[in-house]
Amino acid sequence: MASRNVVGFIGLDDLSLKLASSLIKSGFGVQAFEVVESSVMRRFVELGGIRCSSPLEAVKDAATVILVVSEEENTDNLFSKESLAEGLHKDAVLVLQSALSLGLVIKLDKLLREKIGVASIVDAHVFEGFSQDSKEEIIVIASGRQESMQKVQPVLSAMSENVYIFVGDIGAGSKIKMVNDLLEGIHFVASVEAMFLGVRFGIHPTILYDILSNAAGSSRTFVDIIPKLLTGDQTLTKCVDALVQNAGLVLGVAKSLPFPLPLLAMAYQQLIYGASRKCRNDTSPAPLKVWEETFGVNIREAAKQKPYDPGNLAYQLSLASNVVKKIGFIGLGAMGFGMAAHLLRSGFTVVSYDVYKPTLKRFADLGGIVEASPREVSKDVQVLIIMVTNEVQAESVLYGDAGSVSDLPGGATIILSSTVSPGFIIRLEQRLKDEQRGFKLVDAPVSGGVKRAADGTLTIMGFQADSTEALGDTGSVLSALSEKLYIIKGGCGAASSVKTVNQLLAGVHIAAAAEGMALGARFGLNTRMLFDIVNHTRGYSWMFGNRVPHMLDSDYTPYSAVDIFVKDLGIVCTEGFHLKMPLHISSTAHQLFISGSASGWGRSDDAAVVKVYEKLTGVKVEGKLPALIKEDALRSLPPEWPEDPIEEIHALERQNGSKVLVVLDDDPTGTQTVHDIEVLTEWNVNTLVEQLSKRSTCFFILTNSRSLSTEKAVLLTKEICRNLDTAAKAVNGISYTIVLRGDSTLRGHFPEEADAAISILGEMDAWIVCPFFLQGGRYTIDDIHYVADSDRLVPAGETEFAKDAAFGYKSSNLREWVEEKTKGKVSARNVASISIQLLRTGGPGAVCEHLCNLQKGSLCIVNAASERDVAVFAAGMIQAEVKGRSFLCRTAASFVSARIGIRPKAPISPRDLGISKGISGGLIVVGSYVPKTTKQVEELKSRMGPNMNCLEVSVEKLSMKSLEEREEEINCSAEIVNASIGAHKDTLLVTSRQLVTGKSASESLEINYKVSSALVEIVRRISARPRYILAKGGITSSDIATKALEAKRAMVIGQALAGIPLWQLGPESRLPGVPYIVFPGNVGNNNALAEVVNNWACGLKTSIKELLLNAEKGGYAVGAFNVYNLEGVEAVVAAAEAEKSPAILQVHPGALKQGGFPLVACCISAAEHARVPVGVHFDHGTSKSELLEALELGFDSVMVDGSHLPLKENISYTKYISVLAHSKKMLVEAELGRLSGTEDDLTVEDYESRLTVVAQAQEFIDETGIDALAVCIGNVHGKYPASGPNLRLDLLKDLRELTQNKGVSLVLHGASGLPSELVKECIRLGVRKFNVNTEVRNAYLESLKQPGKDLVHVMAAAKEAMKAVVVEKMQLFGSVGKA
């Protein structure tokens, strides 16, 4: 059998040697065969590899075989069938390490499968790419079928930290290489055009290279190739030849699709032209000579001219700059506003103008001065900055109606920062000189985007004039706005020349990114993964990295519009025309932007040029992660780790017993998966010392920090950690691990709270992020976090949770989410990951090893799709802790229970707590605003209907209106809720569902605070004691517990429903003993809230089937008492409550005829509000019509009385009703045999009566499916004869044996008048329900004979008379105290 730790190489080169080295270091046994002995093989052996003499020996015992194949090899003869087929194990995976074209990869795959018989093949494109800091690193792109990828995953992960897996057909690497080749080819030609244009502008090429290498127009190709161009490097020819070949292959594949590639096609022609010239007597590279002739400039000679340092010139300028007191600023667009605002923050007085009035108001709100025209802005300013869109606008604000020049003080300096042509700058300078008022013009275009404009970190290029006076007046201003300031020699227009060249590159690179990503989408590649990979390749450009995310998110909010590049590339093309320079690639890109503008996307972000390709071809570059079919996604994963780690966790905890898990919970919902764990709501040192002294495995501290601003959350976290550290030092031999329990949908103060904890506790070996939460349907698979929605898994970034006003985000990939939340401080590429494959194939040991190998301070995300996955990780993490590693965890609830080895237990019901019925109503408080909650509230209202009162409080009044209106809303709400609870009504207190948000995240949090504090005040003013309290939403549940109920600690006793914690509040709280249900805002389906409330509701109807089952278990009987009016109903319920006995209210057809629906409604209401279990039963339904009516009236059970019918008809009749009743979850009782006597004017003569026959009873039960059988054993309705009852107890015994086996309850009618001893014997023989009518009716009738002063006295006397009889019967039936 093949060993999974053995890897064989067939072929070995420098790159595969690096792979083999990584495998050896990871503990794999590596063996290799190479046809030719080389230094590579010698180094391989020195590293610990095994040299093999043949391919057969190299594949022996190897679970993974890596074939190193080059494009030049003859794949038909590369491997003989015998050498591979005989040695390769049937379960082995064959990895093709190659850089082959797509056609050759497919050909080789077919050869290996069909001729050699290899089943598991993986295509691995391996290359040396670049990290974020430009260091080289190994990149592996692997594609293949699911089962093959699962087998080879550990080997690939050991080869490189940068592995990209594409499940499906092979060839993904070849497709990605084609996208990279496309980008490299276009970038190469653009770099050539840009450099030659810059030199024609008179800019020194070395200076131009230095500036552009660090500007938005940079690319890896530009950085790599231009030094070779400037020095005439002979490798240039070979480079161009390779680009020609690669571009030709890409265009050939694109033609076969078909797919248009206009930029690459133009670049291809330029590359062919460059490669076509053969210069025999010239030492110059042929392409360079061609381009120098084409563009009319000797770039190598220009490069030999003495350069200068534009950065140093800028530095010298800043040292000698004059003080500027007042600045005029015209043009508050996306970048202009940021620049002007930054100047304000830097202490300058800024007067501004813009045509868009709302922007002026925003600027005034910041403290700036605004004016109504450019002329008004220009008065008394020393410096005037123009930051408008184009030359026409610049002309207008200076010389148009109300233009600036007329009122600009003499000697003032104008800074033109717009992107305009060098020619316009030169003409404008002359025009200003003609004014003869001493105006100075500074040509200072800017680059860097909106964010850098606001931060004052732009790149600015200024020119050095003959006199330094102009720059001297503006040096302090330009320095304040820039991170990089360059002073360009060459007179006015030189700086705009550099900017023009930069825009050439930037525009071409954006269009190239669009073309490359569109081709990748046409190839069927995951475009987000493609983007991530290209970031590592030579095809990367700054614009690719910056603009492609806009394409992937389909977010075209304009930071720089399509029309901007219509203008900028138009300038490039115009300058080329004036200089007689052919700029083919620039012109082609220009046409693409024009196409985008013509299609209506001109004002969209410039990345919208990708829509040109999408519209032409129908592809979608948008990298929106697809929703997965939940069942398919989970089924595709490897089998779970076979061993249950919980026992191992317990053993490790005993070994590491002094370590306490302290969970800082940012809202109370984090207790969703634990039980018998304490929660603290205060954290002073003394409290923490007391808690740590208990040496419990875990406790929670409820911080509720999600309701706070970031600043307050950070201070709170530091305070708790400081107190915890102090308390731990005061308790001998105790240590702890911190878990920051956060939202499973990724909301909350991350990474700020983690940073705060680290600042107090010191650096940890790693941060762990694990948001898996089974009960909430949160899964992390392949680093993507999903939220279950019915049968789908939706990427978290596509859910309503990601749109949270305070904690919103875009990324579903947790690596990217970390980068997003840390604002780039932690790159996605630097985030470690523990895969499901590792958890399920390597177990806790592999987790421990992985964690121990992380660099100190790493951030590691955990994939998980089951609770077993999280338990495996927890066990591995504890193993690492035992070895001395320390971790800070930011997780959802599932991790906590796994980490302490808690096994789940069933949801807790009211009866589990000894609560069966309640005299007061429950209180449901809903503050959460997520759409899921709104849907759940709607379902709750629909389900509970009139059984629940609903009060909606106005969020607008609570948060946006006057204090008087707020107080009135709070007081009125408290009064209504208090009355409703006291009237035994479950009461829903819910905030209005129209979401009110602020202009910023902090304003939204402030509104949340006002609403939450109002809910707290309403609950504080309620004097009635609720039967239970349910708080919906994290912030709401925390504030109600800690502020309204003043709880300082609580015990989590379990869950009311999966993922919904149930607390027992401490004795210090205002309502000790009242169950407190913490219902998260983001948990459960639409029915979940209604289900919990229905389980706990005050008005919950009792199941008569449950009453009879309990009676069977307890060996007693339940009395079913016929009622006819209000007094009778109250008598039965009062007796049941007094005796703590279950009871049944029973309505006979005769009573229904007289009392109608009001009588039934009275019974139902009384049963719902009783403090003990009371059911409502319809008795003796002898006709189909009355039974069908009864089924719709709300009874809990019905009796189908077909005793007057022959057996077959009785069976048919009973079965018909039974099916209908069971569909409504109603118990069905039926009678077999026939009782004599009279009940409600219905008389059965003695000769019509008959006993129940056991044989018939068996058939009757089997055919009808009834739940309870009323038997005839000599019992009668009404009065028994003077000789007394004569019951056939032997028959009852036989019927009991039959019904007990069938799970059917025995019922005995005619209990009135039966001697006590006989009743008790019947109970002993299995009777579980007795019908009582005559004695209760007689008591009522006798009471009426007594004179009364008033009708109410008559009613009271009748009620007491009936109650006395009911109490006596309950005592006789043995049901007292059984409620």
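Side-chain atoms are counted along with the backbone in the values below, which use heavy atoms only and exclude waters and symmetry mates.
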Requested in this report: Show your working on side chain to side chain contact (heavy atoms under 4.5 Å, CB included) between Lys1010 and Leu958 and close with a plain yes or no.
Outcome: CA-CA 7 Å; Lys1010 288 180 178 179; Leu958 296 179; 5.8 Å; no

Specify whether [X] and [Y] have parallel, tilted or perpendicular ring planes, treating 30° as the upper limit for parallel and 60° as the lower limit for perpendicular.
{"X": "Phe544", "Y": "Phe531", "value": "parallel"}
{"X": "Phe337", "Y": "Phe363", "value": "perpendicular"}
{"X": "Phe565", "Y": "Phe593", "value": "parallel"}

Can a donor-acceptor pair be found, under 3.5 Å and without considering hydrogens, that links the side chain of [X] to the backbone of [Y]?
{"X": "Ser396", "Y": "Val392", "answer": "no"}
{"X": "Glu376", "Y": "Ala372", "answer": "no"}
{"X": "Ser599", "Y": "Ser595", "answer": "yes"}
{"X": "Ser992", "Y": "Val955", "answer": "yes"}
{"X": "Lys440", "Y": "Gly411", "answer": "yes"}
{"X": "Ser404", "Y": "Val397", "answer": "yes"}
{"X": "Asn502", "Y": "Gly217", "answer": "yes"}
{"X": "Arg345", "Y": "Asp455", "answer": "no"}
{"X": "Arg200", "Y": "Met581", "answer": "no"}
{"X": "Lys567", "Y": "Thr389", "answer": "yes"}

Would you indicate whether the side-chain heavy atoms of [Y] and [X] approach each other to under 4.5 Å?
{"X": "Val572", "Y": "His590", "value": "no"}
{"X": "Thr500", "Y": "Pro422", "value": "yes"}
{"X": "Leu384", "Y": "Phe439", "value": "no"}
{"X": "Phe222", "Y": "His187", "value": "no"}
{"X": "Phe196", "Y": "Val501", "value": "no"}
{"X": "Thr413", "Y": "Val477", "value": "no"}
{"X": "Leu360", "Y": "Leu332", "value": "yes"}
{"X": "Arg437", "Y": "Val405", "value": "yes"}

Calculate, to the nearest 0.5 Å, the distance between atoms [atom1] and [atom2] belonging to [X] and [Y] respectively.
{"X": "Ser421", "Y": "Ile426", "atom1": "OG", "atom2": "CD1", "answer": "8.5 Å"}
{"X": "Ser191", "Y": "His509", "atom1": "OG", "atom2": "NE2", "answer": "5.5 Å"}
{"X": "Glu622", "Y": "Met517", "atom1": "CD", "atom2": "CE", "answer": "11.5 Å"}
{"X": "Leu408", "Y": "Ile414", "atom1": "CG", "atom2": "CD1", "answer": "5.5 Å"}
{"X": "Gln430", "Y": "Leu441", "atom1": "CD", "atom2": "CG", "answer": "11.5 Å"}
{"X": "Ile571", "Y": "Ser586", "atom1": "CD1", "atom2": "OG", "answer": "13.0 Å"}

Report task. Give the intermediate values and the outcome of side chain to side chain contact (heavy atoms under 4.5 Å, CB included) for residues Leu428 and Leu432. Result -> CA-CA 6 Å; Leu428 178 60; Leu432 289 171; 4.2 Å; yes

Please find the pair of heavy atoms, one from [X] and one from [Y], that lie closest to each other, and give the distance.
{"X": "Asp563", "Y": "Arg603", "value": "OD2-N, 4.2 Å"}
{"X": "Ile585", "Y": "Leu263", "value": "CD1-O, 3.3 Å"}
{"X": "Ile415", "Y": "Ala444", "value": "CG2-CB, 3.8 Å"}
{"X": "Pro751", "Y": "Thr822", "value": "CG-CG2, 3.7 Å"}
{"X": "Arg375", "Y": "Ser406", "value": "NE-OG, 3.3 Å"}
{"X": "Lys326", "Y": "Asp380", "value": "CD-O, 3.5 Å"}

Report task. Assess whether side chain to side chain contact (heavy atoms under 4.5 Å, CB included) is satisfied between Leu579 and Phe201, documenting all intermediate values. Result -> CA-CA 9 Å; Leu579 294 169; Phe201 278 146; 3.9 Å; yes

Query - Arg427/Glu395 ion pair, N-O < 4.0 Å - result: no

Report task. Answer yes or no: is there an ion pair linking Asp365 with Lys361, defined by an N-O contact shorter than 4.0 Å? Result -> yes

If you draw a 6.0 Å radius around [atom1] in [X], do more than 12 non-hydrogen atoms from other residues or ligands fall strictly inside?
{"X": "Tyr356", "atom1": "OH", "result": "no"}
{"X": "Asp401", "atom1": "CG", "result": "no"}
{"X": "Lys357", "atom1": "NZ", "result": "yes"}
{"X": "Tyr308", "atom1": "OH", "result": "yes"}
{"X": "Lys803", "atom1": "NZ", "result": "yes"}
{"X": "Glu956", "atom1": "CD", "result": "no"}

Query raised in the report: Just one of Glu483, His342, Lys484, Arg452 clears the side-chain contact (heavy atoms from CB on, under 4.5 Å) bar with Leu458, so which one?
Result: Arg452

Query raised in the report: Run the side chain to side chain contact (heavy atoms under 4.5 Å, CB included) check on Leu481 and Val446 step by step: do they pass?
Result: CA-CA 9 Å; Leu481 289 171; Val446 299; over 6 Å; no

Query raised in the report: Cationic tip of Lys580 within the cone over Phe577's six-membered ring, i.e. under 6.0 Å and within 45° of the normal?
Result: yes

Please check if any side-chain donor atom of [X] sits under 3.5 Å from a side-chain acceptor atom of [Y], or the reverse.
{"X": "Ser378", "Y": "Asp407", "value": "no"}
{"X": "Glu820", "Y": "Ser811", "value": "yes"}
{"X": "Arg547", "Y": "Ser541", "value": "no"}

